[in-house]
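Heads up, the thing below is written out as structure tokens.
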Amino acid sequence: DAGVIQSPRHEVTEMGQEVTLRCKPISGHDYLFWYRQTMMRGLELLIYFNNNVPIDDSGMPEDRFSAKMPNASFSTLKIQPSEPRDSAVYFCASSPFFADLSTFGSGTRLTVV
Amino acid sequence: KNEVEQSPQNLTAQEGEFITINCSYSVGISALHWLQQHPGGGIVSLFMLSSGKKKHGRLIATINIQEKHSSLHITASHPRDSAVYICAVANTGNQFYFGTGTSLTVIP
């Protein structure tokens, strides 16, 4: 298995632009998590899905953030419009069960200028 | 107050030393995780614990549910163990809380 695959690895965009981050979880994992990591706040859980259904999005910072999981093998995290304070590393992870060991993707480093 | 507290924040050790990183939490949990993040940025899940002790190579993780405390031990530390170690807990309401991490540097 190739693990959790995220794209792009790096994204630089101008303030106000739409940004879409992509994630392919491990096949057979029923849970998918989106995290954000910054120096100031550390690692934060933004949203997680169970069997493609969003279960808890209480970590999503604002309405500018949205996430979808149209099928078991693909998820997106969208920021529209992006702001400089959204600059962070965004990780996607998947696991067979909620509290089980997760496999993390390599992350997307987002810079909004 | 953070639901998960780690100590120390920073730790420098000589190669070969025995290392302990501590994690205390204040919520009822279904599981506790230890994560490792190397300077390159990738995150690896090391352990998931709900009771007792787990061992993988030179790494040992223990948890005391009554005391709401977990420790991560590294025996015979090596420079390649240099990383940030993050404690995370999943509470009984299916929420995750993260510690701020312990930055470990092992000097040859």
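To find a chain, count down the sequence lines: A is the first, B the second, and so on, and within it residues start at 1.
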Could you check whether atom NZ of Lys54(B) has more than 12 heavy atoms from other residues, nucleotides or ligands sitting under 6.0 Å from it?
yes
Gap separating the OG1 atom of Thr100(B) from the CZ atom of Arg41(A), nearest 0.5 angstrom
13.0 Å
Can you name the nearest heavy-atom pair linking Phe98(A) to Gln95(B), along with the distance?
CZ-N, 3.9 Å
Here the gap from Gln37(B) atom CD to Phe91(A) atom CZ, rounded to the nearest 0.5 Å, amounts to 5.0 Å
Same cluster for Leu32(B) and Ile74(B) if Ile/Leu/Val/Met/Phe/Trp/Tyr side chains link at under 4.5 Å?
yes
To the nearest 0.5 Å, what is the distance between CG on Leu49(B) and CG on Leu101(A)?
9.0 Å
Taking the six-membered ring where the residue is Trp, are the ring centres of Phe96(B) and Tyr48(A) under 6.0 Å apart?
no
With hydrophobic residues grouped by side-chain heavy-atom distances under 4.5 Å, do Val89(A) and Leu21(A) end up in a single group?
no
Region of Leu46(B) that comes under 4.5 Å of a non-hydrogen atom in chain A:
backbone
Between CG of Asp100(A) and CE of Met48(B), what distance do you get to the nearest 0.5 Å?
4.5 Å
For Tyr97(B), is it the side chain, the backbone, both or neither that has a heavy atom under 4.5 Å from a heavy atom of chain A?
neither
Rounded to the nearest 0.5 Å, the CG atom of Leu45(A) sits from the CZ atom of Phe98(B) at a distance of 6.0 Å
Engaged part of Ile43(B) at the chain A interface, taking heavy atoms whose separation is under 4.5 Å
both
Tell me, out of Ser95(A), Gly59(A), Ser102(A), Ser106(A), who's got the most heavy-atom pairs with chain B below 4.5 Å.
Ser102(A)
Report yes or no: do Phe49(A) and Tyr31(A) belong to one cluster of Ile/Leu/Val/Met/Phe/Trp/Tyr joined by side chain heavy-atom distances under 4.5 Å?
no
So does Asn71(A) have more than 12 non-hydrogen atoms from other groups sitting under 6.0 Å from CG?
yes
Which is it for Leu35(B) and Leu43(A) under the side chain to side chain contact (heavy atoms under 4.5 Å, CB included) test, yes or no, and what are the steps along the way?
CA-CA 11 Å; Leu35(B) 310 174; Leu43(A) 201 59; 4.0 Å; yes
Is there a path of hydrophobic side-chain contacts, each under 4.5 Å between heavy atoms of I/L/V/M/F/W/Y residues, joining Ile79(A) to Met69(A)?
yes
Are Tyr90(A) and Ile47(A) in one and the same hydrophobic cluster, where Ile, Leu, Val, Met, Phe, Trp and Tyr link if side-chain heavy atoms are under 4.5 Å apart?
yes
More than 12 heavy atoms of other residues, nucleotides or ligands under 6.0 Å from CZ of Phe97(A): is that the case?
no
So for atom CD, which belongs to Glu14(A), do other residues, nucleotides or ligands contribute more than 12 heavy atoms lying within a distance under 6.0 Å?
no
Chain B contacts, top residue of Glu44(A), Gln37(A), Arg109(A) (heavy-atom pairs, under 4.5 Å):
Gln37(A)
